[in-house]
Chemist: 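Next up is a structure, given as structure tokens.
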Amino acid sequence: MNFRIALGALLLTAVTLVGQPAVAATAPVTIAYAQRTQGWELVLTNGKVVKLPGALAKAPADTVNAGSRAPFLVSGDGKHFLYFRKSDGLFVERTLSSKERVVARDLTTNTINEEWPWVSNDGGFVITGTSAPGLGVFADVRKGKILSRAGVTDWWSFMGFTPDSKGLLLEDEKGPAVFDRELRVRVRLKKPVEALANDYATAAVAIGAEDKERKLRLFNARTGRVSRTVSVRLPSGQYIDDLDFDQAGRLVVRSKTKTGVAIYRVSKTTGKTTLLRAMTRPDVPVWVLPGDTTYEPWTEKRST
């Protein structure tokens, strides 16, 4: 289980999603989730469905991994979405009210299943990972700038963003470190982490049988000092699928359910869970929530 990007809009807005989304009167309209039927669509927190005919669903026949699912991402704040466009095969970012912005000219449909994109919680930064050490693209989307990585991150693997989107967690053979968005090392960490708070010290990892973790360990990532192990009080049959900290440093867990996904706040002392959101999976082949990485345990209904 990798360190995940922040949960964003699913934690910060007043939206309650059970089946079809509903929205509080004062909450801004954001993206509740993306779904793929014949093509990609956005379902907004006010219930409106926005079709995206220009977004690729699968890699074209003339590409390296023809027929593979084309990644579609929604930033954790629910405002930005990213996809490979049909017109030229480039990976682009946009919002509900803005035009497309190309993320990087060398991130094309030929990179599908060769590089895996992540987007920061605020939608401003995109990174791609590869199957080998080193990373593909470092892009500051808002500035339209590709950050140089020569000699800096050739042997680093990307693990995630901090909740505030200002820190990048990378790992090499010596262990993890937090970089800033100019690719400068900020903090070397003593232990591998799965979730890291904005202080770059408070950390957590899920523990237990693979894919059936129901406990987490809290520790100081700078000193390596372990503080406690917490049993997360999830309903029977549910496990820790995503573990993260929110902007305020509170623990949050996402867990796959029989009908969709549930999101809980977790007490660091008792493991007591407070349900924040419960979402019923739509009857579509692919479902993507804000803050998801390219593939999540609840993303695909079946192999497509």
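What you see is a predicted model; the values in this text were computed from it and never measured.
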Chemist: Would you confirm whether Thr128, through its side chain, and Pro117, through its main-chain N or O, come within 3.5 Å as a donor-acceptor pair?
Modeler: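 Checking the backbone N and O of Pro117 against the side chain of Thr128, no donor-acceptor pair under 3.5 Å is found.
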Chemist: Who pairs with Ser267 by side chain to side chain donor-acceptor pair (under 3.5 Å), at least two apart in sequence or on another chain?
Modeler: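 Result, side chain to side chain donor-acceptor pair (under 3.5 Å) vs Ser267: Thr269, Thr270.
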Chemist: Among all residues two or more places apart in sequence or in another chain, which pass the side-chain contact (heavy atoms from CB on, under 4.5 Å) test with Thr229?
Modeler: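 Only Ile207, Lys215, Arg217 meet the side-chain contact (heavy atoms from CB on, under 4.5 Å) criterion with Thr229.
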Chemist: For residues 197-204, tabulate all N or O donor-acceptor pairs below 3.5 Å that involve a side-chain atom, not counting sequence neighbours.
Modeler:
{"residue": "Asn198", "atom": "OD1", "partner": "Asp164", "partner atom": "N", "Å": "2.9"}
{"residue": "Asn198", "atom": "ND2", "partner": "Gln247", "partner atom": "OE1", "Å": "3.2"}
{"residue": "Asp199", "atom": "OD1", "partner": "Ala201", "partner atom": "N", "Å": "2.9"}
{"residue": "Asp199", "atom": "OD1", "partner": "Thr202", "partner atom": "N", "Å": "2.9"}
{"residue": "Asp199", "atom": "OD2", "partner": "Thr202", "partner atom": "OG1", "Å": "2.7"}

Chemist: For residues Tyr33 and Pro282, report the shortest heavy-atom separation together with the two atoms involved.
Modeler: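 Nearest heavy atoms, Tyr33 then Pro282: CE1-CG, 3.8 Å.
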Chemist: Return the minimal non-hydrogen interatomic distance between Asn65 and Ile112, and the atom names on each side.
Modeler: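 Looking at all heavy atoms of both residues, the closest pair is ND2-O, 2.9 Å.
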Chemist: With distance as the sole criterion, is a donor-acceptor pair present between the side chains of Asp292 and Trp287 under 3.5 Å?
Modeler: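 Their side chains do not contain a donor-acceptor pair, so the 3.5 Å distance test is not met.
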Chemist: What pairs with Ala104 under side-chain contact (heavy atoms from CB on, under 4.5 Å), at least two apart in sequence or on another chain?
Modeler: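 Once residues adjacent in sequence are excluded, the partners of Ala104 under the side-chain contact (heavy atoms from CB on, under 4.5 Å) criterion are Asp106, Leu107, Val137, Ile146.
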Chemist: Taking the six-membered ring for Trp and the full ring for Phe, Tyr or His, determine whether the centres of Trp118 and Phe158 are under 6.0 Å apart.
Modeler: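 Yes, the ring of Trp118 comes within the 6.0 Å limit of the ring of Phe158, centre to centre.
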Chemist: I need the minimum non-hydrogen distance between Ser120 and Phe161, along with the two atoms involved.
Modeler: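 Answer, listing the atom of Ser120 first, then Phe161: N-CE1, 3.6 Å.
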Chemist: Looking at every heavy atom in both Leu189 and Val187, which two are closest together, and how far apart are they?
Modeler: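 Taking Leu189 first and Val187 second, the nearest heavy atoms are CD2-CG1, 3.7 Å.
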Chemist: Are Met279 and Tyr239 linked, directly or through intermediate hydrophobic residues, by side-chain heavy-atom contacts shorter than 4.5 Å (ILVMFWY only)?
Modeler: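 No.
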Chemist: Could I get the full list of ring pair (Phe, Tyr, Trp, His ring centres under 6.0 Å) partners for Trp116, not counting sequence neighbours?
Modeler: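 Not a single residue meets the ring pair (Phe, Tyr, Trp, His ring centres under 6.0 Å) criterion with Trp116.
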Chemist: Give a yes-or-no answer on whether the side chains of Asn110 and Thr63 include a donor-acceptor pair shorter than 3.5 Å.
Modeler: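 Per modelled atom types, Asn110 and Thr63 side chains form no pair under 3.5 Å.
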Chemist: Mind checking what makes salt bridge (Lys or Arg N to Asp or Glu O under 4.0 Å) contact with Arg186, not counting sequence neighbours?
Modeler: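 Salt bridge (Lys or Arg N to Asp or Glu O under 4.0 Å) check on Arg186 returns nothing, list empty.
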Chemist: Which residues pass the side-chain contact (heavy atoms from CB on, under 4.5 Å) test with Thr257, not counting sequence neighbours?
Modeler: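 Result, side-chain contact (heavy atoms from CB on, under 4.5 Å) vs Thr257: Gln238, Thr259, Ala262.
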Chemist: Just verifying a value: how many Å separate Thr273 OG1 and Arg265 CZ, rounded to the nearest 0.5 Å?
Modeler: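 Thr273 OG1 to Arg265 CZ: 11.5 Å, rounded to 0.5 Å.
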Chemist: Lys190: what forms a side-chain contact (heavy atoms from CB on, under 4.5 Å) with it, not counting sequence neighbours?
Modeler: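 Not a single residue meets the side-chain contact (heavy atoms from CB on, under 4.5 Å) criterion with Lys190.
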Chemist: Please identify each residue that fulfils salt bridge (Lys or Arg N to Asp or Glu O under 4.0 Å) with Lys268, with sequence neighbours left out.
Modeler: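 Not a single residue meets the salt bridge (Lys or Arg N to Asp or Glu O under 4.0 Å) criterion with Lys268.
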Chemist: By the ring pair (Phe, Tyr, Trp, His ring centres under 6.0 Å) test, which pairs, at least two apart or in different chains, include something from residues 87-113?
Modeler: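 Found Phe84-Phe91.
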Chemist: Out of curiosity, Leu168 CG to Thr162 OG1, how far, rounded to the nearest 0.5 Å?
Modeler: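 One gets 7.5 Å once the value is rounded to the nearest 0.5 Å.
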Chemist: So, using salt bridge (Lys or Arg N to Asp or Glu O under 4.0 Å) as the criterion, who are the partners of Arg85 when residues are at least two apart?
Modeler: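 With neighbours one apart ignored, the set is Asp88, Glu100.
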Chemist: Could you check whether any side-chain heavy atom of Val141 comes within less than 4.5 Å of a side-chain heavy atom of Arg101, counting everything from C-beta outward?
Modeler: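 They are in side-chain contact.
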Chemist: List for me each residue that meets salt bridge (Lys or Arg N to Asp or Glu O under 4.0 Å) alongside Glu171, sequence neighbours excluded, and say none if there are none.
Modeler: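 For Glu171, no residue satisfies salt bridge (Lys or Arg N to Asp or Glu O under 4.0 Å) once neighbours in sequence are set aside.
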